[in-house]
There are 2 protein chains.
Amino acid sequence: MRERSVRERSVRVESVPDHSTAAASTGSARPRAQRADARRNVEAILDAATQCLRRDADVSVADIATAAGVGRITLYGHFKTRAELVDAVLVRAIESAHATLDSVDLADDPAQALASLVTSSWRIVEQFRGVLHAAQRELPPERIRDVHDRVLDPVAALIEHGRQAGVFRDDLPTSWLVTVAMSLMHAAAEDVDNGRLEAADAASYLVTTLLAAFTAPAPRPGSPRPERSPRSSR
Amino acid sequence: MRERSVRERSVRVESVPDHSTAAASTGSARPRAQRADARRNVEAILDAATQCLRRDADVSVADIATAAGVGRITLYGHFKTRAELVDAVLVRAIESAHATLDSVDLADDPAQALASLVTSSWRIVEQFRGVLHAAQRELPPERIRDVHDRVLDPVAALIEHGRQAGVFRDDLPTSWLVTVAMSLMHAAAEDVDNGRLEAADAASYLVTTLLAAFTAPAPRPGSPRPERSPRSSR
DNA sequence: CGGTACCCGTACATTTCTGTTCAAGTTAGC
DNA sequence: GCTAACTTGAACAGAAATGTACGGGTACCG
């Protein structure tokens with residue numbers, strides 16, 4: 001076991017070239033700009049890779065290329081190695097997830113904000129999780145932790161906010177509540193994939209369950225419920 | 001790179017030979033009984049495989065053998081193929097999980113029963129889940145579904161019981177609540193593995209969270225109750 | 001319309017894993 | 001202590017995946 005953990009093939013991922021903006025550095029040679037079909041193919045590859053990696057983290061590059069409708073060699077023309085492809089997929093997924101998460105208004109009533117966040121992003125968050133899981137095998141741990149935190153932070157902020165507003169419970173650590181939220185979004189997506197859950201129901205079940213889990217368990221007869229401040233700001 | 005690859009789709013698993021009881025069926029040839037060290041090795045292999053598969057579903061047979069402290073050829077002497085090994089691991093895991101789950105007294109107060117079940121078995125259930133996940137790639141789907149249901153059923157029974165007793169909520173399908181329970185046990189185990197959660201806290205967090213999620217929340221003043229889902233709960 | 005960036009199939013080298021065979025050495029158990 | 005059961009390393013064949021190289025074809029863009 002100590003001999004050689006097959007993993008560290010010293011994947012270079014320090015700087016993934018940005019595939020959407022060509023170089024065009026006003027140089028002397030002036031290479032023609034990237035062609036339109038090339039950009040289209042890159043998009044198709046990233047889309048296909050995202051879906052394939054979510055289904056099976058060990059999908060072969062050939063399968064991804066086929067799913068994207070391009071040849072395997074074309075794919076290698078855009079991404080030198082498998083690791084580079086996975087990293088590009090991860091970058092795109094995190095951008096998408098982060099953008100959606102950021103669009104949630106934290107100033108809202110925390111319960112409302114939670115519902116909004118979950119409803120608008122449970123699919124995207126799940127997609128991110130799938131890609132992240134796939135990436136865990138071939139990308140360095142510090143990179144994983146980095147992108148991981150960057151998606152979890154908004155969720156943590158929302159929970160922290162709701163807790164300080166007295167709406168969410170205070171007897172469990174925020175990190176655990178974050179885990180609960182992410183885990184349930186993941187589980188819902190998985191159940192939808194397996195046909196055990198209707199996609200239309202998922203968001204509502206998620207919101208209902210998470211609100212119950214995050215709300216202080218007060219319905220004991222005799223215990224006073226924490227009343228929400230009647231500030232209806234909007 | 002390292003892909004088990006689903007090439008052998010039709011793995012024979014109809015009858016896995018019982019490795020714990022030798023043949024010795026009063027035959028004519030009278031083969032000597034299985035030796036003690038052989039049985040010990042089989043146990044060690046199953047233990048190691050369980051742990052390895054949980055960490056990485058694609059672990060190589062060689063790594064498992066090394067982890068078990070035996071040679072790779074010895075392993076192949078006991079399990080003809082990788083699929084057979086995985087199946088044996090799965091069988092043992094399900095037996096363990098099922099035994100623990102069955103020891104929970106359903107006649108108790110549902111909340112108490114839930115606490116008892118989660119506390120006594122969240123680790124085992126998680127172990128089962130890990131092995132199941134690994135098995136999903138090389139065992140036929142019907143076998144997966146079989147063992148899957150066999151572990152989920154006791155949980156579903158507990159929830160159903162608590163719901164009929166009026167303790168657990170009635171506005172979410174049982175199947176979803178089962179998903180919630182399994183998912184959170186898994187998440188807790190994962191967090192413990194990653195050092196984000198103390199193992200000593202896990203059970204208590206789980207029980208607290210699940211009870212809150214399963215108990216119908218008191219109606220929040222001003223907000224209309226969520227519509228009951230008209231969907232049958234499978 | 002012309003150049004060239006791009007696509008793609010074939011083929012090849014390399015690595016890793018599975019599963020088998022062989023020919024020893026070792027140990028449990030009667 | 002004898003024997004059969006067991007273990008083991010080396011070595012081999014087959015499959016599959018990753019990258020690379022070559023060379024002809026296609027379609028985009030100026």
Side-chain angles (χ1 to χ4, degrees), chain A residues 3-12 19 22-24 29-45 48-49 52-53 56-87 134 137-138, chain B residues 1-9 11-12 19 22-24 27 29-45 49 52-53 56-86 134 137-138:
Chain A
E3 31 205 349
R4 186 161 52 91
S5 202
V6 199
R7 211 67 63 251
E8 60 275 57
R9 294 160 41 97
S10 73
V11 260
R12 277 195 343 281
H19 291 280
R30 207 179 69 114
R32 234 184 235 180
Q34 186 184 40
R35 251 166 51 179
D37 55 345
R39 228 169 324 170
R40 237 183 302 134
N41 277 337
V42 169
E43 276 308 301
I45 290 170
C52 290
L53 284 176
D56 175 8
D58 277 333
V59 157
S60 72
V61 175
D63 283 352
I64 295 176
T66 302
V70 304
R72 194 171 65 96
I73 293 82
T74 302
L75 192 155
Y76 274 111
H78 291 294
F79 306 94
K80 289 195 200 24
T81 69
R82 187 178 203 277
E84 190 171 299
L85 169 61
V86 171
D87 193 84
R137 337 199 127 188
E138 26 205 336
Chain B
M1 185 185 299
R2 25 187 291 284
E3 167 59 348
R4 203 69 39 247
S5 155
V6 206
R7 67 191 116 97
E8 201 79 33
R9 239 343 182 186
V11 222
R12 266 187 4 275
H19 292 280
R30 203 181 69 113
R32 232 184 237 179
Q34 187 184 40
R35 252 167 50 177
D37 54 345
R39 228 168 323 170
R40 236 181 305 134
N41 276 339
V42 169
E43 277 309 301
I45 290 171
C52 290
L53 285 175
D56 176 9
D58 277 333
V59 102
S60 74
V61 175
D63 283 352
I64 295 176
T66 302
V70 303
R72 193 171 66 97
I73 295 84
T74 302
L75 193 156
Y76 274 113
H78 292 295
F79 305 94
K80 289 194 196 28
T81 69
R82 188 178 202 276
E84 191 171 297
L85 169 62
V86 170
R137 334 198 132 189
E138 26 205 340

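In the text below, chain A, chain B and the rest are named by the order of the sequence lines, each starting its count at 1.
Side-chain proximity of A:Asn41 to C:dC7, D:dC6, C:dC17: nearest is C:dC7. For B:Arg82, taking side-chain heavy atoms from C-beta onward, the closest of the listed nucleotides C:dG19, D:dC6, D:dC28 is C:dG19. Checked against D:dA27, D:dT18, C:dT21, the side chain of B:Ile73 finds its nearest nucleotide in C:dT21. The side chain of A:Tyr76 sits closest to D:dT20 out of C:dT20, D:dT20, D:dC28. Taking the side chain of A:Ala36 as heavy atoms from C-beta on, and the options C:dG29, C:dC8, D:dC28, the nearest nucleotide is D:dC28. Closest to the side chain of B:His78, out of D:dT7, C:dC17, C:dT20, is D:dT7.
Atom P of nucleotide D:dA17 and atom CG of A:Leu85 are separated by 16 Å, given to the nearest angstrom. C:dT20 atom P lies 10 Å from atom CD of B:Glu84, rounded to whole Å. Spacing between atom CZ of B:Arg39 and atom C1' of C:dT27 amounts to 15 Å, rounded to whole angstrom units. The interatomic distance linking A:Leu75 (CG) with C:dC7 (P) rounds to 10 Å, in whole Å. The distance between atom CZ of B:Arg72 and atom P of C:dT21, rounded to the nearest whole Å, is 13 Å. In this structure, A:Phe79 places its CZ atom 20 Å from P of D:dA17, rounding to the nearest Å. Summarising the geometry, the separation between CG on B:Asp63 and P on C:dT16 is reported as 12 Å, rounded to the nearest angstrom. At whole-Å resolution of the value, CZ in A:Arg137 and C1' in C:dT16 are 15 Å apart.
Comparing B:Val61 and A:Val70, the nucleotide of DNA chain C nearest to each residue sits closer to the 5' end for A:Val70. Comparing B:Ala62 and B:Arg40 by the nucleotide of DNA chain C that holds the closest heavy atom to each, the one mapping nearer the 5' end is B:Ala62. Along DNA chain D, the nucleotide closest to B:Asp37 and the one closest to A:Asp37 are compared, and the more 5′ of them pairs with B:Asp37.
The base of D:dG30 has none of its N or O atoms less than 3.5 Å from a complementary donor or acceptor on the side chain of A:Arg35.
No option in A:Thr66, A:Val61, A:Asn41 other than A:Val61 meets the side chain to side chain contact (heavy atoms under 4.5 Å, CB included) test with A:Leu75.
Residues A:Val86 and A:Arg137 fail the side-chain proximity criterion, which asks for heavy atoms closer than 4.5 Å.
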